[in-house]
Peer 1: 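Once you've had a glance at the structure underneath, I'll fire off some questions.
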Amino acid sequence: MEENAKYNPNEIEAKWQKFWLEKGISLIDKDDVTKEKFYILDMFPYPSGAGLHMGHTESYTASDAVYRYKKLQGFNVLHPQGFDAFGLPAENYAIKTGISPVETTKINIINYIRQMQSLGFAYDFSEQAVTCDPEYYKWTQWIFGEFFKQGLVYKKTSKTNWCPSCQTVIANEQVVDGKCERCGTEIEQKEVPSWFFKITDFAEELINGLDNVDWPEYTKKNQKNWIGKSEGVTVKFQIMPSPVRSTGHPLPSTGEDECIEVFTTRVDTIFGCTYVVLAPENELVSVLKEQCENKDEIEKYIEQAKNKTELNRMEAKEKTGVELKGVRAINPFNDENVPVYIADYVLASYGTGAVMAVPVHDERDWEFADNHNLPKKGVIIPRPIKSGLLIGDEIDNVDESYEHFDNYANKKKDNIRKGIEIFVEDGTVIDSGEFNKLNSDEAREKMAVWLEEKKLGKKIVNYRLRDWSISRQRYWGCPIPIVYSPDGEAHLVPEEHLPWKLPMDVDFVPTGISPLAKSAELKKRTEEIFGAGWTAEYDTMDTFVDSSWYFLRYPDAHNDQEFCSKERLKKWLPVDVYIGGAEHTYMHLLFARFFVKAMHRIGILDFDEPFLKLRHQGMVLDKEGKKMSKSKGNVINPDDMVAKFGADSVRTYMLFATPLEDAVMWNENNIVGVRRFLEKVWKLQYKITNYKLQITNKIQNPNDQNKKLVSLINKTIKKVGEDIENFRFNTAVSQLMILVNEMEKQTEIVAADYEKLLLLLASFAPHIAEEIFQKVLGHEESIFLQKWPEFEEALTKDETINLVLQVNGKVRDMVSVGADIAEEEAKKIALVSEKIQKHIGGKEVKKIIFVPGKLVNIVI
RNA sequence: GCCCAGAUGGCGGAAUGGUAUACGCGCCAGUCUUAGGAACUGGUGGGAGAAAUCCCGUGGAGGUUCGAGUCCUCUUCUGGGCACCA
């Protein structure tokens with residue numbers, strides 16, 4: 001070993017990457033029963049032409065660190081990677097250049113794998129999941145088939161979001177700000193036939209399952225909000241002819257069933273209802289308008305509403321609407337008749353497509369009432385509060401109870417009652433007959449019972465979640481395995497014909513018709529198998545379908561009999577840790593959970609949550625904290641960073657800069673810190689007492705001089721392990737820095753200690769650890785086949801501590817004492833301290849607090 | 001508007017209710033060097049002071065506590081998400 005051999009990352013990194021590959025260090029025996037399994041999963045990337053971005057780099061570094069740590073701990077760790085390879089960008093590129101997506105995808109995947117290996121990510125690439133590979137999508141189609149057989153798939157024509165640029169339908173969940181998530185074009189409304197997955201069937205399970213997984217709380221909350229459960233009641237408002245009806249003709253007879261059924265979560269406010277609103281699309285409107293004197297006006301409004309996209313309706317500043325003049329509705333609770341409106345702020349798709357409007361207790365109704373000069377009436381008032389206690393329940397007369405409170409509360413109550421002030425919270429019910437004095441929640445319960453007894457309504461649960469539309473009029477996706485008989489009936493493509501392959505003879509240019517419709521190969525194949533006149537489904541699947549089950553494939557990716565063997569499924573699933581971006585808080589995670597729950601219900605899986613533990617990585621921003629984007633020209637390429645600083649430095653900096661879930665500002669000036677740290681680790685090799693020293697886990701004759709080091713090593717082993725378990729990589733790295741700084745101060749270090757350092761470092765900076773382990777310490781085996789070092793709990797504790805002496809909570813002195821100092825002894829020491837005495841200043845000591853191992857606080 | 005997350009030195013950040021600012025960057029001084037850089041050593045929250053030392057300090061205002069960056073209430077600002085869901 002030359003004394004002045006420099007740390008040259010580019011040289012050693014390439015060398016060890018080759019070594020690991022050749023020795024198959026990252027390959028695992030998936031049927032090994034001798035070790036406990038651990039499945040750590042990354043969100044697989046879309047293989048774009050731009051290559052891996054820094055966001056991937058961060059989360060894959062984190063998962064790679066966990067992988068290496070778990071492996072050293074003796075687990076059999078599955079750490080797979082694949083590619084979400086279907087999708088629009090490849091198709092758009094094909095439209096532009098004429099190069100087939102098959103080709104570009106292949107090239108991009110090779111590039112991605114090269115980049116991942118250059119960063120030292122230890123993926124087992126022998127079993128990948130590549131969604132555009134027929135070997136993979138055969139099983140996407142098979143699962144679709146199972147869902148189909150179980151009635152979890154259906155086809156319907158509906159008003160859907162149409163992207164004029166992509167020439168395709170997209171799901172509600174994929175509309176961002178009313179624009180296409182992928183291309184940014186404004187979405188239009190269009191009637192398109194589409195296949196749906198019945199995800200709404202699983203709404204309740206999708207909410208409940210969240211209780212059993214270790215996910216960030218905000219992710220769970222977001223999933224729940226997305227599903228949007230709301231409990232309420234339906235109420236039937238009987239329709240009656242308007243007393244102001246001017247045509248003179250009698251109304252067509254309205255049977256008892258001729259009702260407007262509204263949905264509300266706030267039935268406690270129903271005595272304040274001053275009008276009823278129907279969505280323009282509500283079926284009743286077409287009947288009711290016939291009896292209205294302003295039929296033309298109504299029809300015009302319906303027409304307008306139809307042409308508006310959902311976005312326009314939502315964005316409209318003013319709440320528009322038209323009264324159905326000639327119709328009134330009777331509030332079953334107080335027999336009042338109120339006017340009926342149609343307005344597009346009411347959505348046909350939610351609830352019953354009709355609402356009762358209570359302006360004083362709902363902001364939207366308030367606004368609409370203002371615009372149309374409708375009356376307002378308040379029936380819920382804030383609960384009287386006295387001395388912090390709710391006393392509303394104890395009071396017989398609500399008015400009287402207010403006399404005890406200040407004018408503000410009194411005035412507020414009056415304003416609400418008169419309809420001058422809005423109040424949307426729960427409170428106490430007034431002016432509501434037999435329901436007076438109840439709290440909102442009690443009133444809701446009693447009113448629901450009242451409705452159900454009289455058969456005027458019932459409790460129902462509503463979800464915001466809608467079924468998942470999966471049809472796409474695109475080429476580069478998984479073909480939907482459906483064929484149509486000449487009479488137009490849909491049939492599942494039988495399993496023996498799977499994979500139902502994507503034809504190759506296709507013109508990509510979008511015309512609004514699915515590209516597959518133009519394939520002669522597909523037509524020929526369909527007719528040969530099924531008979532003349534049969535046609536194939538021309539739509540392909542949403543790529544979110546492909547990514548909803550890929551984690552089930554990894555353990556057995558080459559299996560052509562099953563999507564995964566029963567044994568491997570049982571051994572490996574569910575995923576222990578899943579790391580990926582917070583942008584998938586809604587869609588991908590919800591869809592993947594739906595798939596697993598549906599497969600569980602069918603009996604294909606014996607677990608019903610895919611990801612036991614989930615962690616998100618933050619965004620990688622430029623050094624000014626701005627998002628990286630092509631247009632800003634601030635995109636950083638991982639290749640350049642690896643070339644400049646070395647993979648180990650890039651990896652370690654990624655983890656050190658900030659907690660995993662926080663945004664990292666990529667500042668090249670700061671990487672020098674971890675680079676210096678690695679240089680220090682490198683130079684420590686020249687302090688080893690004897691390169692050939694036998695390695696043992698025992699401490700070599702600890703003497704007073706290295707006691708501190710021994711303790712520090714034990715502490716570091718403990719902390720780095722705990723930090724990795726808890727995804728606190730930043731503090732793990734800083735602890736290693738502290739250890740290295742201490743080792744540097746030693747005139748010599750023993751090889752055993754150095755080796756421990758390397759093992760702790762290996763998860764973050766694998767190349768330098770392997771280099772020193774083999775080349776300096778002379779091992780002939782990879783460091784990743786070793787064991788995580790052990791520590792002794794007793795040695796992690798300091799023998800002496802700095803006992804903090806406080807007066808009234810302020811630090812006044814500090815003395816070095818034994819860590820196990822007793823209370824009496826500590827108090828005695830505190831009281832004899834000159835500084836403490838000075839601050840006591842002869843005053844009476846009221847109390848002395850002692851915190852073992854920490855401090856004494858004297859209270860005067 | 002609603003929901004979620006956050007606010008700590010010049011900067012990234014650390015801190016089971018118990019020494020606020022670990023670790024790193026930057027900066028200052030020194031050693032070395034023809035010089036620059038690199039490397040190494042020491043210093044580095046603000047204020048007063050020759051010093052000992054004292055006072056103030058975790059967005060703001062209150063509160064709980066012997067003791068609050070940490071817990072509670074209100075508030076301001078920033079970031080992210082959702083958007084008429086009755």
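In what follows, chains carry the letters A, B, and so on, assigned in the order in which the sequence lines appear, proteins first and then strands, with residues in each chain numbered from 1.
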Peer 1: If only side-chain N and O atoms of A:Lys847 are considered, is one of them under 4.0 Å from the OP1 or OP2 phosphate oxygen of B:C66?
Peer 2: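 Looking at the OP1 and OP2 atoms of B:C66, one of them is under 4.0 Å from a side-chain N or O of A:Lys847.
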Peer 1: For A:Lys797 and A:Asn714, test the side chains for any donor-to-acceptor distance below 3.5 angstrom and give the result as yes or no.
Peer 2: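 Distance-only check fails for A:Lys797 and A:Asn714.
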Peer 1: From the list B:C40, B:A22, B:U53, which nucleotide is the closest neighbour of the side chain of A:Ile738?
Peer 2: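 Output: B:A22.
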Peer 1: How is A:Lys745 classified with respect to the nucleic acid when contacts are heavy atoms under 4.0 Å: base, sugar-phosphate, or nothing?
Peer 2: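 If one applies the 4.0 Å heavy-atom cut-off, A:Lys745 turns out to touch nothing in the nucleic acid.
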Peer 1: Over all strands shown, is A:His839 touching base, sugar-phosphate only, or nothing at heavy-atom distances under 4.0 angstrom?
Peer 2: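 Sugar-phosphate contact only.
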Peer 1: Please tell me which of A:Gly228 and A:Met737 maps to the more 5' nucleotide of RNA chain B, matching each residue to the nucleotide holding its nearest heavy atom.
Peer 2: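 The 5'-side residue here is A:Met737.
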Peer 1: As a test of reading the structure: which of B:A86, B:C40, B:C4 is closest to the side chain of A:Val355, going by heavy atoms?
Peer 2: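 The answer is B:A86.
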Peer 1: Under a 3.5 Å cutoff on both atom distances, Watson-Crick or G-U, what's the dot-bracket for RNA chain B ([ ] crossing, | other strand)?
Peer 2: (((((((..(((.....[....)))((((((.......))))))((((....))))..(((((..]....))))))))))))....
Peer 1: Is the distance from OP1 or OP2 of B:C4 to the nearest side-chain N or O of A:Lys220 less than 4.0 Å?
Peer 2: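 For A:Lys220, the contact criterion (side-chain N or O under 4.0 Å from OP1 or OP2 of B:C4) is not met.
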Peer 1: Does a nitrogen or oxygen in the side chain of A:Arg464 sit under 4.0 Å from OP1 or OP2 of B:C3?
Peer 2: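 No.
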Peer 1: Does the side-chain hydrogen bond (donor to acceptor under 3.5 Å, both in side chains) test come out yes or no for A:Asn667 and A:Tyr653, once each step is laid out?
Peer 2: CA-CA 10 Å; A:Asn667 190 339; A:Tyr653 177 64; over 6 Å; no
Peer 1: Below 4.0 angstrom, N of the basic side chain to O of the carboxylate: do A:Glu823 and A:Lys827 qualify?
Peer 2: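 Judged by the 4.0 Å cut-off on N to carboxylate O distance, A:Glu823 and A:Lys827 do form a salt bridge.
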Peer 1: Between A:Lys810 and B:C56, is there a contact of a side-chain N or O with OP1 or OP2 at under 4.0 Å?
Peer 2: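 It does, given that an N or O in the side chain of A:Lys810 lies less than 4.0 Å from OP1 or OP2 of B:C56.
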Peer 1: Starting at the 5' end of RNA chain B and moving along, which residue's nearest nucleotide shows up first, A:Asp365 or A:Arg812?
Peer 2: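 Residue closer to the 5' terminus by nearest nucleotide: A:Arg812.
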Peer 1: For atom P, what is the distance between B:G45 and B:A39, given to the nearest Å?
Peer 2: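 After rounding to an integer number of Å, I get 23 Å for this pair.
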Peer 1: Could you work out the separation of B:C4 and B:U19 based on their P atoms and round it to a whole Å?
Peer 2: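 Roughly 32 Å separates the two P atoms.
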Peer 1: Just to be sure I understand the rule, does A:Phe263 reach a base, reach only the sugar-phosphate, or reach nothing, if contact means heavy atoms closer than 4.0 Å?
Peer 2: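 Base: the residue A:Phe263, judged by heavy atoms under 4.0 Å, touches a nucleobase.
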Peer 1: Between B:C28 and B:G17, how far apart are the P atoms? Round to whole Å, please.
Peer 2: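 Pairwise P distance, B:G17 against B:C28, rounds to 39 Å.
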Peer 1: Would you indicate what A:Asn222 reaches in the nucleic acid, counting non-hydrogen atoms under 4.0 angstrom: base, sugar-phosphate, or nothing?
Peer 2: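 Since no nucleic acid heavy atom lies under 4.0 Å of A:Asn222, the category is nothing.
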Peer 1: For atom P, what is the distance between B:G79 and B:A29, given to the nearest Å?
Peer 2: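 It comes out at 38 Å once rounded to the nearest Å.
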Peer 1: Using the six-membered ring wherever Trp is involved, compare the ring planes of A:Trp468 and A:Phe591 and label them parallel, tilted or perpendicular (cut-offs 30° and 60°).
Peer 2: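 Ring orientation of A:Trp468 relative to A:Phe591: parallel.
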Peer 1: Side-chain N or O of A:His616 less than 4.0 angstrom from OP1 or OP2 on B:A5?
Peer 2: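 For B:A5, neither OP1 nor OP2 has a side-chain N or O of A:His616 closer than 4.0 Å.
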Peer 1: Does any donor atom in the side chain of A:Thr200 or A:Asp467 lie under 3.5 Å from an acceptor atom in the other side chain?
Peer 2: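 Yes - a donor-acceptor pair under 3.5 Å links their side chains.
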Peer 1: Go through B:C66, B:G26, B:A86 for me and flag the one nearest to the A:Val672 side chain.
Peer 2: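 Of all the options, the side chain of A:Val672 is nearest to B:G26.
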Peer 1: Separation of A:Met587 atom CE from B:G81 atom P, in whole Å?
Peer 2: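 Rounding to the nearest Å, CE of A:Met587 and P of B:G81 are 12 Å apart.
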Peer 1: Closer than 4.0 angstrom, basic N to acidic O: yes or no for A:Lys644 and A:Glu668?
Peer 2: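 Result for this pair is yes, salt bridge flagged.
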Peer 1: Does A:Asp370 come within less than 4.0 Å of A:Lys376, counting only side-chain N to carboxylate O?
Peer 2: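 Between A:Lys376 and A:Asp370 there is a salt bridge, with a charged N closer than 4.0 Å to a carboxylate O.
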Peer 1: Rounded to whole angstroms, how far apart are CG on A:Asp813 and P on B:C54?
Peer 2: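 Nearest whole value for this atom pair: 10 Å.
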Peer 1: What does nucleotides 9-20 of chain B look like as a protein-contact string, B for base, S for sugar-phosphate only, - for none, at under 4.0 angstrom between heavy atoms?
Peer 2: ---BSS-B-BBS
Peer 1: My understanding is that only one of A:Leu278, A:Leu324, A:Leu374, A:Val322 makes a side-chain contact (heavy atoms from CB on, under 4.5 Å) with A:Tyr341; could you say which?
Peer 2: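 The single option meeting the side-chain contact (heavy atoms from CB on, under 4.5 Å) with A:Tyr341 is A:Leu374.
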Peer 1: Check the angle between the aromatic planes of A:Tyr7 and A:Trp682 and answer parallel, tilted or perpendicular using the 30° and 60° thresholds.
Peer 2: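 Plane angle between 30° and 60°, so tilted.
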Peer 1: For a quick check of understanding: with a heavy-atom distance under 4.0 Å over all strands, which category does A:Glu661 fall into, base, sugar-phosphate or nothing?
Peer 2: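 Result for A:Glu661 = nothing.
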Peer 1: Using the P atom as the point on both nucleotides, what is the distance between B:G10 and B:C74, in whole Å?
Peer 2: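 Approximately 31 Å lies between the P atom of B:C74 and that of B:G10.
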Peer 1: Does CD in A:Glu204 sit with more than 12 non-hydrogen atoms of other residues, nucleotides or ligands closer than 6.0 Å?
Peer 2: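 For A:Glu204, atom CD is crowded (more than 12 foreign heavy atoms under 6.0 Å).
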Peer 1: Considering only side-chain heavy atoms of A:Lys683, which listed nucleotide, B:A39, B:A86, B:C23, is closest?
Peer 2: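 Nearest listed nucleotide: B:A39.
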Peer 1: Is the distance from OP1 or OP2 of B:G24 to the nearest side-chain N or O of A:Asn741 less than 4.0 Å?
Peer 2: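 Yes, within the criterion.
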Peer 1: Does A:Arg676 make a side-chain N or O approach to OP1 or OP2 of B:G26 shorter than 4.0 Å?
Peer 2: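 Yes, such a contact exists.
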Peer 1: Please state the C1' separation for the pair B:U44 and B:G36 - nearest whole angstrom.
Peer 2: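 One C1' to the other, the span is 25 Å.
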Peer 1: Say we look at B:U75 and B:C56: how far apart would their C1' atoms be, to the nearest angstrom?
Peer 2: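 To the nearest whole Å, 23 Å.
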Peer 1: How are the rings of A:His361 and A:Phe423 set relative to one another: parallel (under 30°), tilted (30 to 60°) or perpendicular (over 60°)?
Peer 2: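 Perpendicular: the ring planes of A:His361 and A:Phe423 meet at over 60°.
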